[in-house]
There are 2 protein chains.
Amino acid sequence: MSTPTPQGPARNRILATATRLFYSEGVHTVGIDRIIAEAAVAKATFYHHFPAKDELVRAYLEAEFARQRGAIDALRAAIGDPIATLVKIFEGLGDNGASAAFRGCPFTNAAAEYPDPAHPVRQTIAEYRRWSHTLFHDLLAGSGHPDADRTATILMMIRDGIVVGSDLDDPKALRPAIGEAVDRVLQR
Amino acid sequence: MSTPTPQGPARNRILATATRLFYSEGVHTVGIDRIIAEAAVAKATFYHHFPAKDELVRAYLEAEFARQRGAIDALRAAIGDPIATLVKIFEGLGDNGASAAFRGCPFTNAAAEYPDPAHPVRQTIAEYRRWSHTLFHDLLAGSGHPDADRTATILMMIRDGIVVGSDLDDPKALRPAIGEAVDRVLQR
DNA sequence: GAGAGACTAGACAGACCTGTCTGGTACTGT
DNA sequence: ACAGTACCAGACAGGTCTGTCTAGTCTCTC
């Protein structure tokens, strides 16, 4: 089969399967039955680990959040210079968006399916977005940028534009515009 | 009640109700039964006008597309100068995003619920996005901009960032950054 | 006044949804 | 040896989904 059953303990198999299906097909369209079938897990086991589907959605986003934090921490440590790090982050967004499996931002996509801003899933999304903004802000401030807060807000726009555009438009046409966009926003 | 039954012939009532519900709550979460109830229309009448729910989703997006085209045409005719028009469009995006009912871009939100790029709904979305890019491109080219195509792509990023950010972040914090973002992208 | 077309009310089929529950197996630590 | 935990298979309840269908009303036009 094209998608073999994930290995390891049941909880990991559930989360790995949910991540793949939620991201590629959406949260509401993918049912619990399908997840437990493809994760090769009993229904009781699923509800043992996740009290409700929304908890699984939250766990899926939290795991993606942690993954991104880890990747960014590694990048910051490896590069050092804040502006070079920023440029690398945006190049990475373009590379990622050009991959075949790319389906947009997991957080933005999930938000479209959870309209209530008070919902726990939306709160995880809000935390992710605050972290993203803070990341840009800190990198700019670390380079001595005179207008770090507003520039971080504009970089958030570019970020959102890359992930939306890579999904809905032609990623290959988008890619060469990324470096230029960052340069103009940073007024280099 | 807070949302009175729309007036006019059945098809209009269906489309008006669907527009309100699809936009505010999402496409998959809102069922046909709810639309026909709130539009005060019989089920047979619904299926007389729309052969399937997806056709209604398409009609909802097509109507929004036509509405935006009309608004932009009026703006272009009223203002004349292409760069002033561009600035006004982005100010309008910010104003719109700050309104209480704002829930993001109908097209981007719908795309999150239709992962298959070959789906008719996705084709309508793709048309809308091509039109948006062409709009920016033509306004830039009309002002003699030397790099209209790439700059239009970057303006698309800003556009997506405004609608996503207005929905998921604080629209009031975003708003003052919009003019600055456009200025930097246009290198003014 | 006859027929066409838009409409209403609502039952129904068949699928799918989440979440609960029963009952049983296997492993682990004490 | 025994308790606790993780796990399995799968039936089940109660609800919702889309789409079909029957049967009848109203209004307009010719």
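For clarity, every value in this text was computed on a predicted model and none was experimentally measured. For the numbers below, each heavy atom of this structure counts, side chains included, while hydrogens, waters and symmetry mates do not.
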Student: Look at B/R11 and C/dG5 and indicate whether a side-chain polar atom (N or O) is within less than 4.0 Å of OP1 or OP2.
Tutor: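 Indeed not, no polar side-chain atom of B/R11 lies that close.
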Student: Taking CD1 from B/I36 and P from D/dG19, how many angstroms apart are they, rounded to a whole number?
Tutor: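 Going from CD1 in B/I36 over to P in D/dG19 covers 12 Å.
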Student: Give me, pair by pair, the N or O atoms of the protein and of nucleotides 21-29 of chain D that are less than 3.5 Å apart, along with how far apart they are.
Tutor:
none

Student: Please give, in whole Å, the distance from C/dC7 C1' to B/I14 CD1?
Tutor: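 Taking CD1 of B/I14 and C1' of C/dC7, I get 10 Å after rounding.
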Student: Pairs in or reaching into residues 120-134 of chain B: which pass salt bridge (charged side-chain N to carboxylate O under 4.0 Å, His left out), with residues at least two apart or in two chains?
Tutor: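 For residues 120-134 of chain B: A/D169-B/R129, B/R129-B/D160.
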Student: How would you list, by chain and number, every residue that makes a salt bridge (Lys or Arg N to Asp or Glu O under 4.0 Å) with A/D149, sequence neighbours excluded?
Tutor: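 Salt bridge (Lys or Arg N to Asp or Glu O under 4.0 Å) list for A/D149, sorted by chain: empty.
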Student: Sequence neighbours excluded and cut-off under 3.5 Å, please list the side-chain donor-acceptor pairs for residues 178-188 of chain A, or say none.
Tutor:
residue: A/E180; atom: OE2; partner: A/R184; partner atom: NE; Å: 2.8
residue: A/E180; atom: OE2; partner: A/R184; partner atom: NH2; Å: 3.1
residue: A/D183; atom: OD1; partner: A/R188; partner atom: NE; Å: 3.2
residue: A/D183; atom: OD1; partner: A/R188; partner atom: NH2; Å: 2.8
residue: A/R184; atom: NH1; partner: B/T151; partner atom: OG1; Å: 3.0
residue: A/R184; atom: NH1; partner: B/V185; partner atom: O; Å: 2.8
residue: A/R184; atom: NH2; partner: B/D147; partner atom: OD2; Å: 3.4
residue: A/R184; atom: NH2; partner: B/T151; partner atom: OG1; Å: 3.4

Student: Is any side-chain nitrogen or oxygen of A/R34 closer than 4.0 Å to OP1 or OP2 of C/dT18?
Tutor: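 No, outside the criterion.
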Student: Give me each pair satisfying salt bridge (charged side-chain N to carboxylate O under 4.0 Å, His left out) with a member in residues 55-68 of chain B, each pair once, sequence neighbours excluded.
Tutor: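 For residues 55-68 of chain B: B/R58-B/E62, B/E64-B/R67.
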Student: When you measure from the side-chain N and O atoms of B/T45 to the phosphate of C/dA6, is any distance below 4.0 Å, counting only OP1 and OP2?
Tutor: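 False: B/T45 side-chain N/O out of range (4.0 Å or more) of C/dA6 OP1/OP2.
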Student: Nearest whole angstrom, please: distance from the C1' of C/dC17 to the CG of A/D33.
Tutor: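 To the nearest whole Å, that distance equals 8 Å.
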Student: Taking only heavy atoms on the protein side, list every residue of residues 48-61 of chain A lying under 4.0 Å from any atom of DNA chain D, sorted numerically.
Tutor: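 Here the set is A/H48, A/H49.
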Student: Mind calculating the distance between OH (A/Y47) and C1' (D/dC7) to the nearest angstrom?
Tutor: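 A/Y47 atom OH is separated from D/dC7 atom C1' by 17 Å.
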Student: Please name all residues satisfying ring-ring contact (aromatic ring centres under 6.0 Å, His included) with B/H49, sequence neighbours left out, ordered by chain then number.
Tutor: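 Applying ring-ring contact (aromatic ring centres under 6.0 Å, His included) to B/H49 gives none.
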Student: Taking the side chain as C-beta and beyond, is there a heavy-atom pair between B/L168 and A/F107 under 4.5 Å?
Tutor: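 The answer is no; the side chains never approach within 4.5 Å.
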Student: Less than 3.5 Å apart, which donor and acceptor atoms pair up between the side chains of residues 30-37 of chain A and the rest of the protein, not counting sequence neighbours?
Tutor:
residue: A/D33; atom: OD1; partner: A/K43; partner atom: NZ; Å: 2.9
residue: A/R34; atom: NE; partner: A/E38; partner atom: OE2; Å: 2.9
residue: A/R34; atom: NH1; partner: A/E25; partner atom: OE1; Å: 3.0
residue: A/R34; atom: NH2; partner: A/E25; partner atom: OE2; Å: 2.9

Student: Over how many whole Å does the gap from A/H28 atom NE2 to D/dT16 atom P extend?
Tutor: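 Rounding to the nearest Å, NE2 of A/H28 and P of D/dT16 are 15 Å apart.
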Student: Report all side-chain donor-acceptor pairs from residues 70-89 of chain B shorter than 3.5 Å, counting only partners two or more places apart or in another chain.
Tutor:
residue: B/D81; atom: OD2; partner: B/I83; partner atom: N; Å: 3.4
residue: B/D81; atom: OD2; partner: B/A84; partner atom: N; Å: 2.8
residue: B/T85; atom: OG1; partner: B/D81; partner atom: O; Å: 2.7

Student: Take the protein atom CD1 of A/I35 and the nucleotide atom C1' of C/dT18, then report the distance between them rounded to whole Å.
Tutor: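 These atoms are roughly 12 Å apart.
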